[in-house]
Participant: 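Okay, here's the structure, questions in a sec.
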Amino acid sequence: MENFYNYTQIEKKWQDIWDEKQTFAAKNDYTLPKFYGLVEFPYPSGQGLHVGHPRSYTAIDIVSRKKRLEGYNVLYPMGWDAFGLPTENFAIKNHIHPSIVTENNIANFKRQLKSLGFSFDWSREVNTTDPSYYKWTQWIFLQLFKKGLAYKSQMAVNWCTSCKCVLANEEVVNGVCERCGSEVIQKEKSQWMLKITEYAEKLLDGLNDVDFIDRVKTQQRNWIGRSYGTQVTFNTNIGDTFDIFTTRADTLFGVTYMVMSPEHPLLNKWADKIKNFDEVKEYQVSASKKSDFERTELAKDKTGVMLDGVTAINPVNNTEIPIFISDYVLISYGTGAIMAVPAHDTRDWEFAKKFGLPIIEVVAGGEDVQSAAFTDCATGTLVNSDFLNGLSVEDAKVKIQEWLTEKGIGSVKTNYKLRDWVFSRQRYWGEPIPVVYCEKCGYVPLPESELPLVLPNVDSYEPTDNGESPLAKMTDWVNTTCPHCGAPAKRETDTMPQWAGSSWYFLRYCDPHNDKELASKEALEYWCPVDWYNGGMEHTTLHLLYSRFWHKFLYDIGVVPNAEPYSKRTSHGMILGENGEKMSKSRGNVVNPDEIIENYGADTMRVYEMFIGDFEKAAPWSQSSIKGSKRFLDKVWALSNILVDGGYREEIESEIHRTIKKVTEDIEGLKMNTAIAALMSLLNTVQATGKITREEFKTFIILLNPFAPHITEELWVNNGFDGMLNETKWPTFDEAKCVDANVEIVVQINGKIKARLNVPADISAPDALALAKGTDSIKAEIEGKNIIKELYVPKKLVNIVVK
RNA sequence: GCGGGUGUGGCGGAAUUGGCAGACGCACUAGCCUUAGGAGCUAGCGCAUUAGCGUGCAGGUUCAAGUCCUGUCACCCGCACCA
């Protein structure tokens with residue numbers, strides 16, 4: 001038999017068999033133990049599959065295949081997150097309807113995925129652009145609307161001055177339009193919002209109950225950004241009061257001025273009290289003109305205007321202090337106003353220096369506060385603070401809180417960085433928002449019986465001049481009647497963002513053809529939660545957070561059985577170009593999966609991507625390293641040549657047990673690279689003996705099967721094993737048989753290796769030490785010296801300390 | 001600035017509770033085989049020609065440190081005036 005196998009033919013053969021037999025279709029038998037493995041469904045772009053996609057898909061495919069061999073009923077589904085801007089832009093540019101572009105792209109992606117031999121259950125394929133799917137996306141929106149979690153709000157959006165069109169944040173690159181390179185400004189528009197902030201607490205607390213990798217949990221926690229502090233009411237010289245939020249109420253005696261955001265509503269109310277209102281007005285205008293980009297760039301250079309005529313009174317000492325407006329205070333966080341403590345806050349310190357304001361130290365223990373702010377909360381003692389003097393920061397916070405509460409001017413307050421989710425896009429290629437606007441009734445939800453509200457098929461889906469959705473031009477579609485009062489009304493013409501369809505797709509996989517509900521109760525009870533979800537870190541604060549939000553909402557209204565959608569979340573590292581840079585067309589370092597499959601085969605591609613390095617870390621592609629994986633599979637193929645009858649041979653039995661243990665555990669820990677290394681080692685051992693027994697061979701190819709499913713199935717039938725490999729059982733190991741009867745230990749003198757000994761694995765410490773000291777080379781080393789200490793670490797080493 | 005992470009051969013990367021650093025693979029070198037080799041097989045492969053030195057750098061704990069502690073440098077990712 002030749003040493004090379006015809007991977008093209010073999011892989012096609014097995015892919016056809018799996019397809020035809022529906023080998024990997026999840027069973028609807030809800031009595032079986034289940035495993036729900038999930039990977040992020042792709043956006044079917046025109047570029048086709050990226051070599052990064054299969055890294056994630058292969059890993060969970062391996063887990064899924066192993067779980068099946070272990071007897072689980074496995075759901076490993078795939079679908080298409082197909083609404084979105086690139087498709088729409090491509091459609092506009094090439095004058096092809098987005099639905100056709102989508103259809104073509106999906107066909108290409110599907111072909112590519114199938115050519116990699118993933119064990120997806122294709123009978124459950126979902127597509128977010130399919131009306132029978134987005135019917136339920138719209139349905140969920142209606143439930144959110146009914147519960148007051150979807151609302152309209154006036155807010156600033158990105159506007160391209162040249163395209164005369166609203167852009168999503170992703171379309172604004174370095175402050176200019178991604179498509180034409182023109183300036184992007186902020187424009188006020190009315191937008192649909194989802195009240196994700198209402199779930200901030202639940203989203204945080206839920207993290208304690210799930211098995212997510214730490215960096216995902218940390219990133220979500222930081223993003224939600226809970227901070228505990230105090231809301232304090234300040235009086236003014238004109239009688240009005242206003243609130244500020246602080247986490248450092250202990251520093252109240254160090255407050256030397258106040259700052260309000262330029263957008264603060266009290267400013268207009270105070271217009272006639274503020275003597276320099278013209279100046280204030282001017283500052284407000286210039287602040288509003290700054291783009292986010294400029295605001296970030298100018299972050300270090302503090303600007304502001306002092307109010308002339310209105311001052312604040314510090315409640316702890318009745319000192320009159322100035323009020324400034326400055327854009328370093330954000331209207332969207334806390335109360336839009338702060339107390340400034342330059343001695344103990346870096347930003348306040350910079351501002352105070354620039355405007356020549358006093359800096360009063362109230363926490364001692366740092367450097368001179370005139371040269372830098374002392375912000376450490378863990379050390380330091382209160383000074384210049386009357387009744388707080390001598391306390392630690394921690395104690396002072398408690399005491400001042402009590403004092404403020406007693407006076408009725410301060411209360412405990414929790415704030416979040418998380419903002420509500422801007423949910424509308426002025427675009428064609430998205431789910432229509434199922435709401436009608438009636439002059440009399442306002443925004444009225446469509447009756448559920450009218451869902452899906454189908455995206456009308458239009459000839460022109462280009463953005464309009466005035467920043468409205470292309471749907472706005474479809475007057476036939478737009479003009480309707482109010483579901484509430486029957487009067488003429490207009491449909492909402494904005495569509496949902498791409499994140500909508502992907503926020504619940506994993507639920508649909510449980511029961512994808514259901515036309516009565518988004519999925520049946522029984523299906524959800526059985527399959528939820530997802531047992532293992534792998535995806536990119538870039539989705540941690542977007543898709544992953546959004547979908548947790550929707551899921552928690554669906555749980556609250558009784559649609560899903562669990563509070564958390566995913567039990568376990570892992571994340572893969574990126575596959576970089578050969579030069580170590582991110583793969584991109586412009587860098588010219590993109591690797592095409594089709595070419596790899598053509599030249600090396602899908603099994604080699606899979607093994608290589610798993611062997612490339614630590615799954616969680618980025619790894620550069622290497623065109624020469626991939627040959628090692630191919631060579632490995634060629635050698636596996638050649639094992640048929642040296643196959644003999646028999647069970648595990650005594651001399652390699654322990655290595656086989658160790659390998660089963662290693663591969664079994666490594667797959668669960670996503671350490672695919674070391675699992676493959678263990679299989680390579682076993683192969684090397686077996687090859688050195690010149691033969692392999694049937695039992696050894698059987699174990700070996702089952703262990704390899706999840707990694708390289710085609711070649712192993714072929715070897716299975718070629719060598720006369722019964723049935724199909726995927727119907728067999730995962731091998732088991734015996735812990736007791738994982739160790740050899742004899743092991744090599746090293747003998748160290750003062751920690752330096754001086755000899756190696758072969759000893760029985762269960763040798764006693766005294767015997768091991770005696771044996772070591774009886775060895776010639778060791779005898780010479782300890783001759784005439786004092787033995788201070790001697791140790792035996794079982795199965796590892798002997799260390800003799802001499803002087 | 002804040003948060004998270006990473007530093008190990010020429011390269012990708014391995015190393016249970018601290019216990020033989022460099023598994024496995026790539027590249028490379030020599031030999032074999034071949035009409036030929038971007039194929040295969042065999043052997044070698046951290047540095048240093050010896051007892052020595054080696055896991056970013058400097059200390060420390062320990063019989064023993066890639067692993068623990070203190071300090072420090074570099075790079076990567078995320079957020080970015082969140083009071």
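In the text below, chain A, chain B and the rest are named by the order of the sequence lines, each starting its count at 1. The analysis underlying the following values was restricted to heavy atoms, covering all of them including side chains, and did not include hydrogens, waters or symmetry mates. All values derive from a computational prediction rather than experimental measurement.
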Participant: Whole angstrom is fine here: how far is it from CD1 in A:I745 over to P in B:A64?
Facilitator: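 Spelled out: CD1 on A:I745 to P on B:A64 is 19 Å.
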Participant: For B:G78 versus B:G60, give the span between their P atoms, rounded off to a whole number of Å.
Facilitator: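 Comparing P positions in B:G78 and B:G60 gives a spacing of 39 Å.
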Participant: With a 3.5 Å limit on both atom pairs, tell me what B:C41 is paired to, counting Watson-Crick and G-U wobble, or say none.
Facilitator: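 In the structure as shown, B:C41 has B:G31 as its Watson-Crick or wobble partner.
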Participant: Check whether any side-chain nitrogen or oxygen of A:N673 sits under 4.0 Å from OP1 or OP2 of B:A14, and answer yes or no.
Facilitator: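 For B:A14, OP1 or OP2 has a side-chain N or O of A:N673 closer than 4.0 Å.
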Participant: I want to verify a distance call: between B:C81, B:G3, B:G25, whose nearest atom is closest to the A:K302 side chain?
Facilitator: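 Ranking B:C81, B:G3, B:G25 by closest atom to the A:K302 side chain puts B:C81 first.
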Participant: Is the shortest heavy-atom distance from the side chain of A:T256 to the side chain of A:V341 under 4.5 Å?
Facilitator: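 Side-chain contact under 4.5 Å: no.
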Participant: Write down the distance between CD (A:E350) and P (B:A83), rounded to a whole number of angstrom.
Facilitator: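 My rounded result for the distance is 16 Å.
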Participant: Is B:G9 in the syn range, within 90° of 0, or in the anti range?
Facilitator: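 That one's syn.
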Participant: Using ring pair (Phe, Tyr, Trp, His ring centres under 6.0 Å), reason through A:Y608 and A:W621 one step at a time and then give a plain yes or no.
Facilitator: CA-CA 10 Å; A:Y608 174 63; A:W621 184 268; 5.0 Å; yes
Participant: Nearest of B:U16, B:G12, B:A27 to any side-chain atom of A:P620?
Facilitator: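 Of all the options, the side chain of A:P620 is nearest to B:G12.
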Participant: Can you tell me which nucleotide in B:A83, B:G13, B:C20 comes closest to the side chain of A:T247?
Facilitator: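 Closest nucleotide among those given: B:A83.
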Participant: Please report, rounded to the nearest Å, how far the C1' atom of B:U6 is from the CD atom of A:E616.
Facilitator: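 About 13 Å, once rounded to whole Å.
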Participant: Does B:A83 have OP1 or OP2 under 4.0 Å away from a side-chain N or O of A:Y333?
Facilitator: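 For B:A83, OP1 or OP2 has a side-chain N or O of A:Y333 closer than 4.0 Å.
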Participant: Would you say A:R221 reaches B:G3's phosphate, i.e. side-chain N/O to OP1/OP2 under 4.0 Å?
Facilitator: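 Answer no for this pair, as no side-chain N or O of A:R221 is under 4.0 Å from OP1 or OP2.
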Participant: Is there a side-chain polar atom (N or O) of A:S227 under 4.0 Å from OP1 or OP2 of B:A83?
Facilitator: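 So the side-chain polar atoms of A:S227 do come within 4.0 Å of the phosphate oxygens OP1 or OP2 of B:A83, strictly under.
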Participant: Counting the benzene-type ring for Trp, do A:Y257 and A:F351 have ring centres under 6.0 Å apart?
Facilitator: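 Between A:Y257 and A:F351, the centre distance is under 6.0 Å.
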Participant: Let's test this: given Watson-Crick or G-U wobble pairing with both distances under 3.5 Å, identify the partner of B:C24.
Facilitator: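 B:G12 - that is the nucleotide pairing with B:C24, both distances being under 3.5 Å.
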Participant: Distance between the P atoms of B:G7 and B:A14, in whole angstroms?
Facilitator: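 Each nucleotide's P atom is 9 Å from the other's.
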Participant: Could you work out the separation of B:C41 and B:C24 based on their P atoms and round it to a whole Å?
Facilitator: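 Those two atoms are separated by 16 Å.
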Participant: Nearest whole Å is fine: how far is B:U16 P from A:K661 NZ?
Facilitator: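 The answer, rounded to whole Å, is 13 Å.
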Participant: Return the value, rounded to whole Å, for the distance between atom CD of A:Q219 and atom C1' of B:C77.
Facilitator: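 Distance, rounded to whole Å: 8 Å.
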Participant: Figure out the CG/C1' separation between A:L797 and B:U16, and round it to whole Å.
Facilitator: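 For the pair A:L797 CG and B:U16 C1', the rounded distance is 14 Å.
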Participant: Looking at every strand, decide which applies to A:R631 at a 4.0 Å heavy-atom threshold: base, sugar-phosphate, or nothing.
Facilitator: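 Contact class for A:R631: sugar-phosphate only.
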Participant: In the structure shown, which nucleotide is the Watson-Crick or G-U wobble counterpart of B:G3, with both distances under 3.5 Å?
Facilitator: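 Paired with B:G3, as far as the under-3.5 Å criterion goes, is B:C77.
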Participant: Looking only at side chains, do A:N589 and A:E578 share a donor and an acceptor under 3.5 Å apart?
Facilitator: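 A:E578 and A:N589 do not have a side-chain donor-acceptor pair below 3.5 Å.
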Participant: Could you please name the option among B:C81, B:C24, B:A27 that lies closest to any side-chain atom of A:N684?
Facilitator: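 Closest of the options to the side chain of A:N684: B:C24.
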Participant: I want to verify a distance call: between B:C24, B:C26, B:A15, whose nearest atom is closest to the A:T674 side chain?
Facilitator: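 The nucleotide sitting nearest to the side chain is B:A15.
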Participant: What is the separation between atom CG on A:D666 and atom P on B:A15, rounded to the nearest whole Å?
Facilitator: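 Whole-Å distance recorded here is 8 Å.
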Participant: Would one find more than 12 heavy atoms of other residues, nucleotides or ligands at under 6.0 Å from atom NZ of A:K582?
Facilitator: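 No, the 6.0 Å shell around NZ holds no more than 12 heavy atoms from other groups.
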Participant: Measure from the side-chain heavy atoms of A:D327 and tell me the nearest of B:G19, B:G78, B:C81.
Facilitator: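 Looking only at heavy atoms from C-beta outward on A:D327, the closest nucleotide is B:C81.
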Participant: If you take atom types as modelled and just measure distance, does the side chain of A:R215 reach the base of B:C77 with a donor-acceptor pair under 3.5 Å?
Facilitator: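 No.
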Participant: Return no unless some side-chain N or O of A:K789 is found under 4.0 Å from OP1 or OP2 of B:C63.
Facilitator: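 Result: yes.
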Participant: Could you let me know what B:G59 is paired to, Watson-Crick or G-U wobble, both distances under 3.5 Å, or none if it's on its own?
Facilitator: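 Checking every strand shown, B:G59 finds its partner in B:C69, with both distances under 3.5 Å.
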Participant: To the nearest Å, how far apart are A:W621 CH2 and B:A27 P?
Facilitator: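 Going from A:W621 (CH2) to B:A27 (P), I get 15 Å.
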Participant: Apply side-chain contact (heavy atoms from CB on, under 4.5 Å) to A:R569 and A:V210, showing your working.
Facilitator: CA-CA 8 Å; A:R569 169 76 176 190; A:V210 291; over 6 Å; no
Participant: From the list B:G3, B:A23, B:G25, which nucleotide is the closest neighbour of the side chain of A:F611?
Facilitator: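 Closest of the options to the side chain of A:F611: B:G25.
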Participant: Is there a donor and acceptor pair, one atom on the side chain of A:K417 and one on the base of B:C79, closer than 3.5 Å?
Facilitator: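 Result: no qualifying N/O pair found.
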